[in-house]
**Q** 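Once you've had a glance at the structure underneath, I'll fire off some questions.
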Amino acid sequence: MTFSLHPAYDDPQLAGLVGRLRDYLQGELADHERDRGLTHDSRLTRTDLEPVWRRSRELGFYGVHLPEQYGGQDLSYTALAALKEEVGASGRVLGHSVLGDMGGPLRAGDILRHATAYQLENYLLPLVRGERACCFSLTETDAGSDVRSMRTTAVRDGGGFRLSGHKVFSSAGPFADFAIIVARMAGSGEQEGEKPSFSAFLVDLDSPGCRVADGATPMSGEHIESDIILDDCHVPAENLLGEEGKGMRIALGRVTTNRLLHCPTVIGATRRALDLTLERTRTRKVAGGQPLLALQAIQHKVADMATELYAARSMTYAALAALDRGADVRTEAFMCKLFVAESAFRILDQAVQIHGKEGLTQGNEIEFLFRKIRMFRILTGTSEIQRNGIAHGLAFMA
């Protein structure tokens, strides 16, 4: 894999997809954002997102990774990662809605294979078509890395269940019609030595006893999170996703894949930062009229930035290629998440330094990217959690 700020691909299908995606991101989607005056700090609404869902579906991007029976192209993980990287590198405010990350097929994850015919017809196929949106609600205030300590409970109630609890950091919650909620089965795990049991449910967010509240605003400034508050909310039995007691397995079943697929988006955003930084070093003049890039101190900084990006990208795509071959890449996924998060942060820190005061100014894209990238060292598993996973994997290697 060679280094490039604008990667090319030998596979004709992927090359065509990437080319068309770049055209859409920098053309039609950029125009849509400009017409609506959208920035990364905007409080987005469904009217902002729905046209993007529909148009992306028409162009073949929304749910492109899905099997052909669901209107997708059954992409490999490597090909999907290349598209996610391009979205990250585009700088688009609504980029998260093009492939279905924000409330769409990518947000739902791999739950289609657990769904009944009823659930497919009423929830998941409308989601794939861009007609409905969902959020995934697992995290609680005191149940982040240790999700099994969650307090949201499900009580059996005749022909269904009653859920009570408070979920936080539900990405896409402000735009969603329903949530995939994992809850602990009431009474499980109370006996000494007994493990708690968890189930997953499809919960309509307009159900009695369910309330969507504004979530905390992350340091990125994006308004994409919500709290899901459940107070004796009735969920019919047909909305149980998969088998009762298997909810945690459903929730964490694709954790290795998801961990890897978060990395290309961050790599893309870091690629964008390096591109902007190189542009600044070429055009910013210093004493004597020379460009900033003429200074050896700056040359060394951008050389280190590019080298770390190349390393992060290479290891991520190597792990994805192994995943496509069917290999067990749990340890490699931990490694990629750790290295991508830490190296991207170092690159953005240098980008801010090179941009000087402009890099510290709100409204400057580098300043936004710095805040956004900083979050990745914590989100989807802290760097410390990744190190734990790596050490565990190494301990069991022959």
Side-chain angles (χ1 to χ4, degrees), residues 43-47 49-50 53 100 102-112 114-143 147 150-188 196-216 223-251:
R43 190 173 289 274
L44 302 175
T45 67
R46 281 285 287 258
T47 57
L49 272 60
E50 283 180 340
W53 298 341
M102 187 54 62
L106 281 174
R107 175 63 52 185
D110 196 32
I111 67 170
L112 275 78
H114 299 286
T116 64
Y118 168 82
Q119 292 166 352
L120 283 170
E121 180 66 25
N122 291 279
Y123 290 92
L124 300 178
L125 293 183
L127 178 86
V128 168
R129 294 192 295 264
E131 298 164 1
R132 303 195 76 187
C134 79
C135 63
F136 189 84
S137 297
L138 180 65
T139 305
E140 299 178 11
T141 299
D142 295 320
V147 295
M150 71 173 62
R151 298 180 180 177
T152 298
T153 57
V155 179
R156 297 180 189 85
D157 179 31
F161 305 85
R162 291 198 175 273
L163 272 59
S164 296
H166 189 151
K167 298 291 187 180
V168 298
F169 298 123
S170 296
S171 298
F175 326 108
D177 300 292
F178 66 94
I180 304 162
I181 290 180
V182 179
R184 179 175 55 83
M185 298 305 299
S188 68
S197 171
F198 302 90
S199 297
F201 305 89
L202 300 174
V203 179
D204 291 296
L205 294 178
D206 59 357
S207 300
C210 179
R211 180 166 62 90
V212 180
D214 283 345
H223 300 281
I224 59 174
E225 310 281 352
S226 68
D227 288 10
I228 308 296
I229 303 166
L230 304 159
D231 183 10
D232 202 33
C233 176
H234 181 261
V235 179
E238 57 264 31
N239 283 28
L240 173 68
L241 184 62
E243 297 179 38
E244 185 177 325
K246 300 296 178 63
M248 194 62 72
R249 182 177 300 177
I250 293 172

**Q** Could you check if a side-chain atom of H223 sits within less than 4.5 angstrom of a side-chain atom of P174, using non-hydrogen atoms only?
**A** no

**Q** If you compare all heavy atoms of F175 against all heavy atoms of L44, which two are closest, and at what distance to 0.1 Å?
**A** CE2-O, 3.3 Å

**Q** How about R249: does its CZ atom have over 12 heavy atoms from other parts shown lying under 6.0 Å from it?
**A** no

**Q** Calculate, to the nearest 0.5 Å, the distance between atoms CG and OG1 belonging to D227 and T141 respectively.
**A** 7.0 Å

**Q** Looking only at non-hydrogen atoms, find the nearest pair between A172 and C135 and report the distance.
**A** C-CB, 4.0 Å

**Q** So, taking the atom named CG in L163 and the one named CG in D231, what distance separates them when rounded to the nearest 0.5 Å?
**A** 11.0 Å

**Q** Please report the shortest heavy-atom distance between V182 and G247, naming the atom on each side.
**A** CG2-O, 4.2 Å

**Q** Find the distance between CG (L230) and CD1 (I181) and round it off to the nearest 0.5 Å.
**A** 4.5 Å

**Q** Would you say the side chain of T152 lies within less than 4.5 Å of the side chain of E140, judging by non-hydrogen atoms?
**A** yes

**Q** Taking the side chain as every heavy atom from C-beta outward, state whether I228 and V212 have any pair of such atoms under 4.5 Å apart.
**A** yes

**Q** With side chains defined as the heavy atoms from C-beta onward, is the minimum distance between L202 and I180 less than 4.5 Å?
**A** yes

**Q** What is the distance from atom OG1 of T153 to atom CE of M185, rounded to the nearest 0.5 Å?
**A** 9.0 Å

**Q** Just list the side-chain donor-acceptor pairs under 3.5 Å for residues 117-134, sequence neighbours left out, or say none.
**A**
from: Q119; atom 1: OE1; to: T116; atom 2: N; distance (Å): 3.1
from: Q119; atom 1: NE2; to: E238; atom 2: O; distance (Å): 2.8
from: Q119; atom 1: NE2; to: L240; atom 2: O; distance (Å): 2.7
from: N122; atom 1: ND2; to: Y118; atom 2: O; distance (Å): 2.9
from: Y123; atom 1: OH; to: D204; atom 2: OD1; distance (Å): 3.4
from: Y123; atom 1: OH; to: D204; atom 2: OD2; distance (Å): 2.6
from: Y123; atom 1: OH; to: N239; atom 2: ND2; distance (Å): 2.9
from: R129; atom 1: NE; to: E131; atom 2: OE1; distance (Å): 3.2
from: R129; atom 1: NE; to: E131; atom 2: OE2; distance (Å): 2.9
from: R129; atom 1: NH2; to: E131; atom 2: OE1; distance (Å): 3.1
from: R132; atom 1: NH1; to: N122; atom 2: O; distance (Å): 3.0
from: R132; atom 1: NH2; to: D204; atom 2: OD1; distance (Å): 3.3

**Q** Over all heavy atoms of both residues, which pair between S188 and S197 is shortest? Give the atoms and the distance, please.
**A** OG-N, 2.9 Å

**Q** Would you compute the distance between atom NZ of K167 and atom SG of C210 and round it to the nearest 0.5 angstrom?
**A** 12.0 Å

**Q** Looking at every heavy atom in both R46 and A176, which two are closest together, and how far apart are they?
**A** NH1-C, 4.3 Å

**Q** Show, in sequence, the C-alpha distance, side-chain angles and deciding distance for R151 and H166, and conclude whether the side-chain contact (heavy atoms from CB on, under 4.5 Å) test is met.
**A** CA-CA 8 Å; R151 298 180 180 177; H166 189 151; over 6 Å; no

**Q** Would the distance check show the side chain of R211 and the main-chain N or O of I229 forming a donor-acceptor pair, the cut-off being under 3.5 Å?
**A** no

**Q** Determine the minimum heavy-atom distance between A237 and F161, stating which atoms define it.
**A** CA-CE1, 4.2 Å

**Q** Are any side-chain N or O atoms of S226 and backbone N or O atoms of D214, one a donor and one an acceptor, separated by less than 3.5 Å?
**A** no

**Q** Do V168 and E225 pass the side-chain contact (heavy atoms from CB on, under 4.5 Å) test, and can you show the C-alpha distance, the side-chain angles, and the key distance before you say yes or no?
**A** CA-CA 8 Å; V168 298; E225 310 281 352; over 6 Å; no

**Q** Does any non-hydrogen side-chain atom of R156 lie less than 4.5 Å from one of E244?
**A** yes

**Q** Let me confirm one number: the CZ-CG distance from F178 to D206, rounded to the nearest 0.5 Å.
**A** 12.0 Å

